[in-house]
Amino acid sequence: MQIMSNDYNPHNIQNQTAAQLFAKPKLNVANKKYILAMFPYPSGQFHMGHARCYTLADTMSKYYRTRGFNVFSPMGWDAFGLPAENAAIKHNKHPKDWTDGNIKQMREQFDMLGLHFDWDHELKTCDPEYYRWQQWLFIKLYEKGLAYRKNATVNWDPVDQTVLANEQVIDGKGWRSGAPVERKEINQWFLKITNYADALLDECEHLTHWPEQVVTMQKNWIGKSKGVDITFSIIGLDATCQVYTTRADTLLGAQALVLAPTHPICEAVSKTNPKIAQALTQLSQSGVSEAEIEAGEKLGVAIGLTALCPISKREIPVYAGNYVLMDYGHGAVIMVPAHCDRDYAFAKRYQIPVIPVVDNGKEHDYSQSAMTETGTLINSAQLTGLSSQEAIEEIAKTLAASQQGQAKDQYRLRDWGISRQRYWGCPIPIIYCDNCGIVPESEANLPVTLPTNITFSDSSKMLANNPDFVNTSCPKCHQPAKRETDTFDTFFDSSWYYARFLSPKESNDLIAPSVTDGLPVDLYIGGIEHAILHLLYARFIHHFMHDIGITPAKEPFKELLTQGMVLKDGSKMSKSKGNLVTPSELHKTYGADALRLFILFAAPPSQSLEWCHSGIEGMHRFLKKVSLYFSNKQPVSEGVTPKLWSDAQTILSKIEHDYEKRQLNTTVAGCMKLFNIIQQSPVRNTTIQKIEEIFFIALFPLAPHTSSFYWDGEKPLSETAWPKIDQEALQQQTRPIVVQVNGKRRGELNLNKECSESDIIHLAQETLSIQKHLEGKSIKRVIHIPGKLINIVVS
RNA sequence: GCCCGGGUGGCGGAAUUGGUAGACGCAAGGGACUUAAAAUCCCUCGAAGUUUACUUCGUGCCGGUUCGAGUCCGGCCCUGGGCACCA
């Protein structure tokens, strides 16, 4: 069948150009550009969020290829995780089979959508050859004293007898059983990220190519604060209780001590007092997420003890509160109703007096709210009259002298709990031996592989119930011993994958020494939802890898591009909300290039993109016009059009600027403008021909198939150099001078650049539209922005 | 509750960062071509005023700084993301 010249067939175009669009990865060479998009969880569903992220990455890769960089742009799979276990239970399918099937499906969609990643370096985190190095890393962390065990609070479903993820707790109830969730403490593995708190904070200053908002979020999350540790003695109990506060200046306004219900003092009381024991159990009914605790009602119970303030020597009651968790800080806080909103609400509920001890110099109605600002101390005995700052220092000094406290830097950041009571994850390479205690698996025995012969009876204990896995021998004394049966948090999997991508098949090292120069990642692209946790964990592990000498740079990601959400009906597209739009349907109708253009054009990359179906039509129409023009193009005639050439140069410089700023929505607009010049020109002369070349190169990263198909240059577009801007033509571009009177636009003047200020005013006075606003008034002031604007201020 | 964003025509957004508000596109309306439709092309398109001109108003709301504010400052409202076991 003959293809009509006005037919635009995107699939035909894609099929004919796809082969040439995969570029070979180039590693460890000068002028490298490591461009990485956050690897996907293989859910099997390639959704718009994926399409957006990977289109951005593929587009930037192609742009940098035309700029002469050696681009490395690998792709792989974040393949462990909860959904595979849920699917296993629901569909009776093994997580491995489910995951592998999904990877295959999603890989096909990558190709279908014309996303040309470097698949030679593909990896998946559930592959033992991948996770053996994670186990190796963990052992290194353990050897350096950065991995340890302690109790931590989890969501416990008392009916299903299982630990729940925060997202599995809905309105305080287990998602399957519907039973009220309880807090439970279990022993777990932690990584001492807090040892790196200062390093991670200090390096924030060097993240100059990260969005400021993300750096701010990271700093706030680490949350370094100066405060004071204070020791209270508990009256009638041979015990003390430590609290930490950043507002020691309010200490004399403290009306109570509030402890976590699982605090040792509470537990001691509950042993002899069943009534309080029951009240404490009540206080532990709710999930552990901060959002739930902070937004929920603050409840407490007096546990019948009093504590002695080491400064005022005053006795205050001791409460247990549902908003204090044992694993944060000391598990105890002072309650100062007058100067803390949360304490104020608590005090109102339990009729605790509100006594102001700080005055900020303004009237404040303490019957309505707390006053949280600093100021001068009042009602504070010997401290009265000091400023908040002086009081904090004085209190720290006094406490230190009597060994009842001290000034201390504190971090909001907590150590990273990495134990998960789940099957589908990387086994923790630890062995418990009756003789030797906790022993890491020997490196020679790595990887500790996840057994595949399991049954899905009870998801929290799948590994524990697998004797072949559990029973082993101690690497030290060779006596029978038992394996750790928890698996790692999947955030660990994604904290170092960017390093492994350099040499995923290397068997002697985590990174082959010959390619370590591939790090850091030059441009990292991913969703804003990862702004804190994933990026902080990855930075931490990278700092550690740097410290043990396996990565050259300190920081893993030089530049970060955080892509906004893809929203539909105002909220995040996700499977659980049932508002998915699949790219494959759109591809079927419009092809890969139209979909790419729409995704890029609809919003700037960093802003959220509200999905709307119309609009992709326009991209399709644009490509159709391009196709029609180039498949019926006229022969080139002699002659030049200087005005069009300088217009094109202005657009080109804007496109270049926008690519560098990652403002890809306006690069699309720029290409459309270039094409409008081409199409609207009455003749196809040599100027137009040159603009066509610029158009193809500029469009290539955005719509690679269509541009490649109609390109007839010597080399493929990916190897064709970016056009050099004709500075002279750019300079010739002139804009009229805007004339304002009293800040309002009253006209514009076309004049050459040499015009002086007085010449311009003269001309303005002669121009009718401007004249009438100047008549009968005297000029008080003139603001002149050369080449742009003149503002004449009149009385 | 705490931390970080966003709010501009009917819609998505632009404005080279304090200097012409609405680029580019979608939708809509009108016209051309066609037996007709689709496709394509051309024109109009923030609001108001007796309307190619001109004037006034207009970037969530209220106030401020400035010759000049979408952009900076203060205070609100609405909305999105994160809050440590979703990834």
Sequence neighbours left out, what pairs pass side-chain hydrogen bond (donor to acceptor under 3.5 Å, both in side chains) with at least one residue falling in residues 671-681 of chain A?
-> none

Under the salt bridge (charged side-chain N to carboxylate O under 4.0 Å, His left out) test, residues paired with A/R183 that sit two or more places apart | none

Looking only at atom C1', what distance separates B/G70 and B/U16, rounded to whole Å?
-> 16 Å

Partner set under side chain to side chain donor-acceptor pair (under 3.5 Å) for A/S369, not counting sequence neighbours = A/H364

Could you run through nucleotides 82-87 of chain B and give me one letter per nucleotide, 5' to 3': B if any protein heavy atom sits under 4.0 Å from the base, S if only the sugar-phosphate is that close, - if neither?
-> SBBBBB

Which is it for A/Y537 and A/W496 under the ring-ring contact (aromatic ring centres under 6.0 Å, His included) test, yes or no, and what are the steps along the way?
-> CA-CA 9 Å; A/Y537 292 144; A/W496 63 284; over 10 Å; no

5' precedence on RNA chain B between A/G618 and A/V738 (nearest-nucleotide basis) = A/V738

Give me, pair by pair, the N or O atoms of the protein and of nucleotides 62-71 of chain B that are less than 3.5 Å apart, along with how far apart they are.
from: B/C67; atom 1: OP1; to: A/R781; atom 2: NH1; distance (Å): 2.8
from: B/C67; atom 1: O2; to: A/N791; atom 2: ND2; distance (Å): 2.3

Looking for any heavy atom pair under 4.0 Å, which part of the strands does A/M619 touch: base, sugar-phosphate only, or nothing?
-> sugar-phosphate

Looking for any heavy atom pair under 4.0 Å, which part of the strands does A/H773 touch: base, sugar-phosphate only, or nothing?
-> sugar-phosphate

A/K744 near the nucleic acid: base, sugar-phosphate alone, or nothing, with a heavy-atom cut-off under 4.0 Å?
-> sugar-phosphate

With sequence neighbours left out, what residues match A/R745 under salt bridge (charged side-chain N to carboxylate O under 4.0 Å, His left out)?
-> A/E748

A/N665 side-chain N/O to B/G12 phosphate OP1/OP2 under 4.0 Å | no

Side-chain ion pair, A/R412 and A/E290, N-O less than 4.0 Å = yes

Contacts of A/R746 meeting salt bridge (charged side-chain N to carboxylate O under 4.0 Å, His left out) (sequence neighbours excluded), chain-then-number -> none

From A/F488 atom CZ to A/R422 atom CZ, the distance as rounded to the nearest 0.5 Å | 15.5 Å

Given pairs defined as Watson-Crick or G-U wobble with both distances under 3.5 Å, what dot-bracket annotation applies to RNA chain B, with ( ) intrastrand, [ ] crossing, | other strand and . unpaired?
-> (((((((..(((......[....))).(((((.......))))).((((....))))..(((((..]....))))))))))))....

Set of residues satisfying salt bridge (charged side-chain N to carboxylate O under 4.0 Å, His left out) with respect to A/R414, sequence neighbours excluded = none

Output field: ring centroids A/F80/A/Y131 closer than 6.0 Å | yes

Show me the protein contacts with nucleotides 27-33 of chain B, counting only N or O atoms at under 3.5 Å.
none

For atom C1', what is the distance between B/U8 and B/A32, given to the nearest Å?
-> 35 Å

Residue mapping more 5' on RNA chain B - nearest nucleotide basis, A/K661 or A/T216 = A/T216

With no hydrogens and no angle check, is any side-chain donor or acceptor of A/E484 less than 3.5 Å from a backbone partner on A/D486?
-> yes

Distance-only check: which donor-acceptor pairs under 3.5 Å involve side-chain atoms of residues 663-670 of chain A, not counting sequence neighbours?
from: A/T666; atom 1: OG1; to: A/D658; atom 2: OD2; distance (Å): 2.8
from: A/T666; atom 1: OG1; to: A/Q663; atom 2: O; distance (Å): 3.0
from: A/T667; atom 1: OG1; to: A/L664; atom 2: O; distance (Å): 2.7

Output for pair (A/L191 CG, A/I418 CD1), nearest 0.5 Å, gives 3.5 Å

Which whole number of Å gives the distance between the P atom of B/A15 and that of B/C4?
-> 25 Å

If you look at every strand shown and take non-hydrogen atoms under 4.0 Å, does A/N676 touch a base, only sugar-phosphate, or nothing?
-> sugar-phosphate

Would you say A/R746 reaches B/U55's phosphate, i.e. side-chain N/O to OP1/OP2 under 4.0 Å?
-> yes

P spacing across the pair B/C78 / B/A23, given as an integer number of angstrom | 32 Å

Set of side chain to side chain donor-acceptor pair (under 3.5 Å) partners for A/D415, sequence neighbours left out | A/Y148, A/T194

